Amino acid sequence: MTEAILLVGGKGTRLRPLTVNTPKPMVPAAGVPFLTHQLARARAAGVEHIVLATSYLAEVFEPYFGDGSSLGLSLEYVTEKEPLGTGGAIRNVAERLRSGPDDPVLIFNGDILTGLDIGALVTTHRESGADVSLHLTRVADPRAFGLVPTDGSGRVTAFLEKPQTPEEIVTDQINAGAYVFRRSVMDSIPAGRPVSVERETFPGLLSSGAHLQGMVDSTYWLDLGTPQAFVRGSADLVMGRAPSPAVPGRRGDRLVLASASVAPDAKLSGGTVVCEGATVGSGARIDGSVVLAGAVVEEGAVISSSLIGERARIGARTALTGAVIGDGAVVGADNELRDGVRVWCDAVLPAGAVRFSSDQ
């Protein structure tokens, strides 16, 4: 049996205002909380017991997932009194694991959408005899990431900070946020204080002579930390570009949940999701967007690459491009909101308040 720790304590600051009332892993992607996709993929890979390391809005998780039996899992929840970072969170929940000292434990982050072959990572860990194995992925431009070079056998040789010059880009391999730990290694992480597994634990293990193995898997990988990435990830799940057994419907250009109402002449495309109880009016056009539960999109609205919060209302003929509309917000008719605009929860934007001329 492979156990897992799922790190879901982050505040999701970059996704605000959607994370004001909802922790990031619980924001729906492709019709269900994003965490559902991760749990389902772990279960499909043979994981049976998962401990969730929670912090921000921790009270939301257990009422939704319970003991995990509906997903064929055994779930436990551990809440940090103060944020402990990735390494501190792992150490904080380690005592809930049932594994022996040499058994593998899978660890993954609650904001990464990936097609990682989990079984292959565990196999790599066992066969290499590593203390820790890391999922690595290759990116075209690694300047925004820490680099993880490996030798010819895949053994990690260094952890390098974000490169500042072209000469510092010695590899295109980056830490993709999923690991397998030998259970006993977790006990070497200091307890009771914040610890970064990326900046402290891994470099410390490497300098002490521990065996850290990298496995490059460059299938689908996306950090859902920004609104633009979250919308893209949800759409990729709907269209089948990203794998998940938890998408509640057929893969395709759109996903409309059972209790949603969409006018016959409305056009949904690009992996758009319309969640429970939401309404889309006549002539509306929505492309590559997420419309959360109870939201209303009025007639003739044009929405692209945007997130519409729960119970929000988008007025008639309003155009949104790359916008984030918080829970309960009202955007009146005939507005035009462009890339990066965020409307806070329960805010009210009057009709025609924001428009752009053709030469802007």
Side-chain angles (χ1 to χ4, degrees), residues 2-7 37-38 41-42 44-47 86-87 90 103-182 185-186 196-225 229 232-233 236-237 240-245:
T2 300
E3 292 189 287
I5 294 172
L6 184 49
L7 305 175
H37 300 290
Q38 293 185 303
R41 291 201 71 242
V47 176
T86 47
I90 292 168
D103 289 340
V105 178
L106 175 69
I107 298 170
F108 50 116
N109 286 292
D111 54 3
I112 301 295
L113 177 59
T114 176
L116 168 68
D117 185 337
I118 296 171
L121 182 62
V122 175
T123 298
T124 294
H125 178 79
R126 291 184 188 276
E127 293 181 349
S128 66
D131 297 299
V132 179
S133 297
L134 296 85
H135 170 209
L136 307 179
T137 192
R138 293 190 172 99
V139 294
D141 184 359
R143 289 176 297 176
F145 304 93
L147 308 183
V148 187
T150 53
D151 65 16
S153 67
R155 188 160 180 162
V156 174
T157 58
F159 291 91
L160 305 177
E161 294 296 328
K162 296 176 183 178
Q164 303 299 312
T165 66
E167 293 75 22
E168 292 178 319
I169 302 176
V170 298
T171 181
D172 59 357
Q173 296 174 177
I174 67 166
N175 178 353
Y179 321 113
V180 177
F181 271 65
R182 188 190 304 272
V185 172
M186 296 180 188
S196 167
V197 71
E198 301 87 357
R199 292 188 295 273
E200 181 176 345
T201 303
F202 290 157
L205 287 169
L206 196 63
S207 65
S208 70
H211 179 176
L212 278 69
Q213 186 75 15
M215 188 194 83
V216 177
D217 183 326
S218 293
T219 54
Y220 187 98
W221 183 84
L222 186 63
D223 179 345
L224 300 186
R232 176 183 159 195
D236 285 349
L237 283 162
R241 295 171 179 166
S244 171

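The structure displayed is predicted, hence computed values, not measured ones. The figures here come from the full heavy-atom set of this structure, side chains too, leaving out hydrogens, waters and symmetry mates.
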So, taking the atom named CG in L205 and the one named NE2 in H211, what distance separates them when rounded to the nearest 0.5 Å? 12.0 Å
Side-chain (Q38) to main-chain (I112) donor-acceptor, under 3.5 angstrom: yes
Closest approach of V180 to P104 (non-hydrogen atoms, all atoms of both residues): CG1-CB, 3.5 Å
Between Q173 and T150, do the side chains contain an N or O donor and an N or O acceptor separated by less than 3.5 Å? yes
Parallel, tilted or perpendicular: ring planes of W221 versus F145, cut at 30 and 60 degrees: perpendicular
Once you round to the nearest 0.5 Å, how far does OH of Y179 lie from CG of L212? 11.0 Å
Closest non-hydrogen contact found for R155 with A210 is NH2-O, 3.8 Å
Main chain of D111, side chain of N109: is a donor-acceptor contact present, judged purely on distance under 3.5 Å? no
Just how far is it from atom NE2 of H135 to atom CG of L106, taken to the nearest 0.5 Å? 11.5 Å
Counting only N and O atoms by type, is there a donor-acceptor contact under 3.5 Å from the side chain of R41 to the main-chain atoms of L116? yes
State, to 0.1 Å, how close G233 and Y220 come at their nearest heavy-atom pair, and which atoms those are. CA-OH, 3.8 Å
Donor-acceptor pair, E198 side chain versus G177 backbone, under 3.5 Å? no
Is there a donor-acceptor contact under 3.5 Å from the side chain of T171 to the main chain of V148? no
Looking only at heavy atoms, what is the nearest atom pair of R126 and T2, with distance? NH2-OG1, 4.4 Å
What distance separates D223 CG from T137 OG1, expressed to the nearest 0.5 Å? 12.0 Å
Scanning both residues in full, the closest heavy-atom pair of D117 with D217 reads N-OD2, 3.1 Å
N175 side chain to L134 main-chain N or O, any donor-acceptor pair under 3.5 Å? no
Between the main-chain N or O of A130 and the side-chain N or O of R182, is there a donor-acceptor pair closer than 3.5 Å? yes
Donor-acceptor pair, side chain of H37 and main chain of L113, under 3.5 angstrom: no
Taking the side chain as everything from C-beta on, heavy atoms only, tell me whether V156 gets closer than 4.5 Å to F202. no
Taking side chain as C-beta onward, heavy atoms only, is I118 less than 4.5 Å from F108? no
Any chance you could measure S133, atom OG, to I107, atom CD1, to the nearest 0.5 Å? 11.0 Å
Can you see which heavy atom on I169 is nearest to which on P142, and at what distance? CG2-CG, 3.6 Å
Nearest 0.5 Å please: distance from the CZ atom of F181 over to the CG atom of D103. 15.0 Å
